[in-house]
Number of protein chains: 2
Amino acid sequence: MEYDGSVCSVARTAAVLSDTWTVLVLRDVRHGVRRFDDLTAHLGIARNVLTRRLATLVDAGILDRVPYREAGSRLRHEYVLTQAGQDLVPVIIAMMGWGDRYRADPDGPPMRVEHAECGSPVHVELRCTDGHRIDPQEGLRTTPGPGARRTPTGGCS
Amino acid sequence: MEYDGSVCSVARTAAVLSDTWTVLVLRDVRHGVRRFDDLTAHLGIARNVLTRRLATLVDAGILDRVPYREAGSRLRHEYVLTQAGQDLVPVIIAMMGWGDRYRADPDGPPMRVEHAECGSPVHVELRCTDGHRIDPQEGLRTTPGPGARRTPTGGCS
DNA sequence: CAGTATCCCAAGCGATACTG
DNA sequence: CAGTATCGCTTGGGATACTG
């Protein structure tokens, strides 16, 4: 789908993440579930669908398909995050945070993400390059950037 | 779609955001494009689709439909972000940041988000509640939370 | 202007069967 | 184990026409 993706980074990212399984595959790969059958078992995704999804993600530069060989068995592949894939982690954590808050499980969050060093819970924050922490409601100003198109309705968002 | 959404906050959020137009509608509403016709014009979305999308988002508690009346015309509605909708802003900013980096327009970013007070560019960061800034590659540890199901494959992600 | 109603199409998913 | 191939179903999007 195109939806003005030609002019908006949000749209372009949405195009990458929009289908059902993509973020869940990334989530699992990040947690170390890297092999085809493990993914099918863990996600409950149909195998043909997983095939397509992995191929798409490799094409998109988000996953790498790396060969490996275990002693005594034939060549296999596993899927690892590229740099671009790793840089989607904040998006995923942001989504997790929202889900924890607004689509909470009555038992509490199913997964807890903590700082490896100190063990405190992790969240996403908006910050500017000057290091100020920013309130999402009040602290943001959005202006057209260099790549913006000028349109009658006010340009890209 | 369900995709284990019963146990994962990422999946639950993905279910809300997954269809094509949702994030773009939110993006536009956040920028002040709040009225039906403005949205159709700005997004290029089919009107019936927008109707459905807005209804879904209102149902999901992400948008409010608030009536207003301009002098001399009949009652209209506009769509504004609820608190839950506002709390999706970090997700959107995170997506924008990724798109700017990995799906960049040759002319540069189409939209620039800056700190209203100081004008510096804004990005998302991972932080723990102790205030440490966290490296997405190395600094995260993920553990099952109270709401986790125990499954043979290692539980929810 | 702000929608609703109808109809069609394409894409994505799942089930099942097959392969090296 | 790690996929590919084929199929049918469901859903979301678009076009068009209609309404207060």
Between [X] and [N], does any side-chain N or O lie under 4.0 Å from OP1 or OP2?
| X | N | answer |
| --- | --- | --- |
| Tyr68(A) | dA2(D) | yes |
| Arg69(B) | dA2(C) | no |
| Thr20(B) | dG13(D) | yes |
| Trp21(B) | dT11(D) | no |

Tell me if a side-chain donor or acceptor on Arg12(B) pairs with a main-chain N or O of Arg103(A) at a distance below 3.5 Å.
yes
Polar side-chain atom of Asp19(B) near backbone of Trp21(B) as donor-acceptor pair, under 3.5 Å
no
Pairing partner of dG20(D), by Watson-Crick or G-U wobble and under 3.5 Å for both distances, is dC1(C)
Tell me: [atom1] of [X] to [atom2] of [N], nearest whole Å?
| X | N | atom1 | atom2 | value |
| --- | --- | --- | --- | --- |
| Leu17(A) | dG12(C) | CG | P | 14 Å |
| Leu24(A) | dG14(C) | CG | P | 11 Å |
| Leu75(B) | dG20(D) | CG | P | 17 Å |
| Arg53(A) | dG3(D) | CZ | P | 15 Å |
| Ile45(B) | dG14(D) | CD1 | C1' | 10 Å |
| Tyr79(A) | dC1(D) | OH | P | 15 Å |
| Asn48(A) | dT19(C) | CG | C1' | 15 Å |
| Leu54(A) | dA2(D) | CG | C1' | 11 Å |

Look at the side chain of Arg52(B) and decide which nucleotide, out of dG14(D), dG12(C), dA2(D), has an atom nearest to it.
dG14(D)
Regarding the side chain of Ala46(B), the nearest nucleotide among dG14(D), dC13(C), dG3(D) is dG14(D)
At 4.0 Å (heavy atoms only), tell me whether Arg74(B) reaches a base, stays on the sugar-phosphate, or touches nothing.
base
For Asp100(B) and Ser9(A), test the side chains for any donor-to-acceptor distance below 3.5 angstrom and give the result as yes or no.
yes
Taking atom types as modelled and ignoring hydrogens, do the side chains of Arg65(A) and Tyr79(A) form a donor-acceptor contact shorter than 3.5 angstrom?
yes
Closest non-hydrogen atom pair between Pro146(A) and Asp107(B), with its separation:
CB-O, 3.3 Å
If each of Asp19(A) and Arg47(A) is mapped to the nucleotide of DNA chain C with the nearest heavy atom, which maps nearer the 5' terminus, i.e. the 5' end?
Asp19(A)
